[in-house]
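Below: the structure, in structure tokens.
Given the structure is predicted, the values throughout are model-derived calculations rather than measurements. Positions are given from 1 along the sequence. Atom set for the values below is all heavy atoms of this structure, side chains included, hydrogens, waters and symmetry mates excluded.
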Amino acid sequence: MLTWRSANTAEGSRSRHALLLLHAFPLSAAMWQPQIDALGETGFTVVAPNAYGIEGSEEKEGWNFTDYAHELAALLDSLGIERVTVAGLSMGGYQAFEFYRLYPDKITSLVLCDTRAEGDAPEARAGREEFIRAVEQKGAHEAAERMIPNFFSPSTYTAKPHLVIDTRTMIEKQSVPVINAAMRAIMTRNDATPMLGAIRCPVLVVVGADDRVTPKATAAAINDRITGSRLLVLPDAGHLSNLEQPEEFTHTLLGHIENLMASL
């Protein structure tokens with residue numbers, strides 16, 4: 001069973017449209033707290049699950065994103081939530097694609113943030129294998145050392161040092177087996193590129209202007225292949241755009257949902 005952070009999920013307080021937030025690797029649902037708080041105050045129902053083994057979620061050996069999509073569907077069913085906007089960032093975007101592939105009838109719209117559609121090329125898989133070996137040898141600290149330098153816009157490291165520290169702490173709380181199981185799930189994910197042209201729900205693509213992990217060109221390639229999707233580039237943001245520019249990110253997300261609700 002998964003643990004999660006949420007707003008307005010109690011029976012009687014749920015809105016008719018919910019938001020499912022899927023977190024990045026190797027972080028937790030805590031990365032979505034600014035959006036949970038802000039959107040919760042507006043009355044929206046928000047659910048942000050923790051992936052297997054994170055923040056009390058049950059550990060699962062050898063899991064993949066298909067397993068996780070089924071787990072997400074079961075979580076939504078247990079909460080009495082029938083349809084959602086799925087917002088996934090980085091690894092969360094990979095999970096969003098898989099959830100759409102398996103459960104399109106549960107999805108009202110997609111928000112694909114700082115992510116990519118294609119599967120890993122051989123050189124990328126080799127790099128991930130090396131990452132796994134290094135984390136096995138040196139621990140969660142090694143994962144933080146490798147990820148943190150690529151996460152943020154250059155100005156963030158000096159202007160918002162607390163954000164860098166908090167993100168490092170979030171990573172180092174995870175165990176080595178949990179980190180590496182998630183990395184293996186990333187390595188074995190389905191290539192979502194062939195299905196982009198078949199996505200029929202409203203789609204918003206978001207990317208930080210300074211994202212070096214999944215840069216603007218990667219986001220534009222997703223946007224170009226999904227009919228009617230919209231691309232937003234957030235200035236002064238890197239890979240974790242929702243944390244670096246929380247107010248603008250949340251404002252955009254809220255606008256997307258409100259426009260969606262008005263059209264339903």
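Ser153 and Asp210 share a donor-acceptor pair across their side chains, judged by distance under 3.5 Å alone. For the residue pair Glu55 / Thr3, no side-chain donor-acceptor distance below 3.5 Å is found, with atom types taken as modelled. Looking only at atom types and distance, the side chain of Thr9 has no donor-acceptor partner in the side chain of Thr45 under 3.5 Å away. For Asn223 and Ser229, the side-chain atoms include at least one donor-acceptor pair closer than 3.5 Å.
In this structure the side chain of Leu260 reaches within 4.5 angstrom of the side chain of Thr108, judged on heavy atoms. Here the side chains of Val206 and Leu112 are not in contact, with every heavy-atom distance at 4.5 Å or above. With contacts defined as side-chain heavy-atom distances shorter than 4.5 Å, the pair Val213/Asp114 does not qualify. When side chains are defined from C-beta on, Val46 counts as touching Leu21, because their heavy atoms get closer than 4.5 Å. Looking at Pro194 and Asp191, their side chains come closer than 4.5 Å, going by heavy atoms from C-beta outward.
Of all heavy-atom pairs between Phe249 and Leu234, the closest is CD1-CD1, 3.8 Å. The two residues Pro49 and Ala29 come nearest to each other via the heavy atoms O-CB, 3.7 Å. When all heavy atoms are compared, the tightest approach of Phe99 to Ala73 is CE1-N, 3.8 Å. Nearest heavy atoms, Ser6 versus Ile36: O-CG2, 3.7 Å. Closest approach of Ala69 and Leu102 over heavy atoms only: CB-CD1, 3.7 Å. Of all non-hydrogen atoms in Cys201 and Ser109, the two that sit nearest each other are SG-CA, 3.9 Å.
Separation of atoms CG (Leu240) and CD (Gln245) is listed at 12.0 Å; rounding is to 0.5 Å. Remark: Phe151 CZ to Glu244 CD distance equals 10.5 Å, nearest 0.5 Å. Distance CG/Asp224 to CG/Leu196: 10.5 Å, rounded to 0.5 Å. Atom CE of Met31 sits about 7.5 Å away from atom CD of Gln35, to the nearest 0.5 Å. Residue Gln174 holds its CD atom at 10.5 Å from CD of Glu172, rounded to the nearest 0.5 Å. A distance of 8.5 Å separates CH2 in Trp4 from CG in Leu2, rounded to the nearest 0.5 Å.
Residues Tyr103 and Tyr94 are members of one and the same hydrophobic cluster, defined by side-chain heavy-atom contacts under 4.5 angstrom among Ile, Leu, Val, Met, Phe, Trp and Tyr. Met147 and Val178 fall into different hydrophobic clusters, where Ile, Leu, Val, Met, Phe, Trp and Tyr side chains are chained together by heavy-atom contacts under 4.5 Å. Neither Phe25 nor Ile54 shares a network with the other; the hydrophobic side chains, linked directly or stepwise wherever heavy atoms of I, L, V, M, F, W or Y lie under 4.5 Å apart, form separate groups for each. Put simply, Phe152 and Ile165 are part of two different groups of oily side chains (I, L, V, M, F, W, Y) that touch within less than 4.5 Å, one to the next. When the side chains of ILVMFWY residues are joined at heavy-atom separations under 4.5 Å, either directly or via intervening members, Met195 and Ile107 end up in a single hydrophobic cluster.
Ion pairing of Arg168 with Glu145 is present here, as a side-chain N (NZ or NE/NH1/NH2) and a carboxylate O approach within less than 4.0 Å. The pair Asp120-Arg189 meets the salt-bridge criterion, with a side-chain N (NZ, NE, NH1 or NH2) lying under 4.0 Å from an Asp/Glu carboxylate O. Using a cutoff of 4.0 Å between basic side-chain nitrogens and carboxylate oxygens, Arg184 and Glu136 are scored as salt-bridged. Salt-bridge check for Asp166 with Lys160: failed, with every basic side-chain N at 4.0 Å or more from each acidic carboxylate O.
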**OP:** Given side chain to side chain contact (heavy atoms under 4.5 Å, CB included), test Ile179 with Phe131 step by step and report yes or no.
**Re:** CA-CA 10 Å; Ile179 291 172; Phe131 179 101; 4.2 Å; yes
**OP:** Give the C-alpha distance, both sets of side-chain angles, the deciding distance and a yes or no for side chain to side chain contact (heavy atoms under 4.5 Å, CB included) between Val86 and Tyr100.
**Re:** CA-CA 9 Å; Val86 182; Tyr100 184 87; over 6 Å; no
**OP:** Any chance you could lay out the side chain to side chain contact (heavy atoms under 4.5 Å, CB included) test for Arg146 and Glu130, step after step, and finish with the verdict?
**Re:** CA-CA 12 Å; Arg146 288 169 175 247; Glu130 191 275 330; 2.7 Å; yes
**OP:** List the steps and the verdict of side-chain hydrogen bond (donor to acceptor under 3.5 Å, both in side chains) for Thr85 and His256.
**Re:** CA-CA 10 Å; Thr85 281; His256 171 79; 4.6 Å; no
**OP:** I would like to know whether Gln33 and Arg5 meet side chain to side chain contact (heavy atoms under 4.5 Å, CB included); could you show each step before the answer?
**Re:** CA-CA 8 Å; Gln33 199 60 51; Arg5 297 187 178 216; 2.7 Å; yes
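For residues 231-240, the pairs satisfying side chain to side chain donor-acceptor pair (under 3.5 Å) are Ser90-His239, Asp211-His239, Thr214-His239, with sequence neighbours left out.
Here the options are Leu89, Leu72, Thr115, Val111, the test is side-chain contact (heavy atoms from CB on, under 4.5 Å), and the partner is Leu22; only Leu72 passes. Checked against Ile226 for a side-chain contact (heavy atoms from CB on, under 4.5 Å), the options Val203, Leu110, Leu231 give a single hit: Val203.
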Residues 59-66 side chain polar contacts: donor-acceptor under 3.5 Å, at least two apart:
from, atom 1, to, atom 2, distance (Å)
Asn64, OD1, Thr66, N, 3.1
Asn64, OD1, Asp67, N, 2.9
Thr66, OG1, Glu98, OE2, 2.5

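Side-chain atoms of His23 do not come within 3.5 Å of backbone N or O of Trp32 as any donor-acceptor pair. Between the side chain of Asn8 and the backbone N or O of Gly40 there is at least one donor-acceptor pair closer than 3.5 Å. A distance-only check finds a donor-acceptor pair linking the side chain of Thr167 to the backbone of Leu163 [under 3.5 Å]. Judged by distance alone, the side chain of Arg125 and the main-chain N or O of Met187 form a donor-acceptor pair under 3.5 Å. At distances below 3.5 Å, not a single donor-acceptor pair connects side-chain atoms of Asn242 with backbone N or O atoms of Thr250.
The environment of NE2 in His251 is sparse: at most 12 heavy-atom neighbours from other residues, nucleotides or ligands sit within 6.0 Å.
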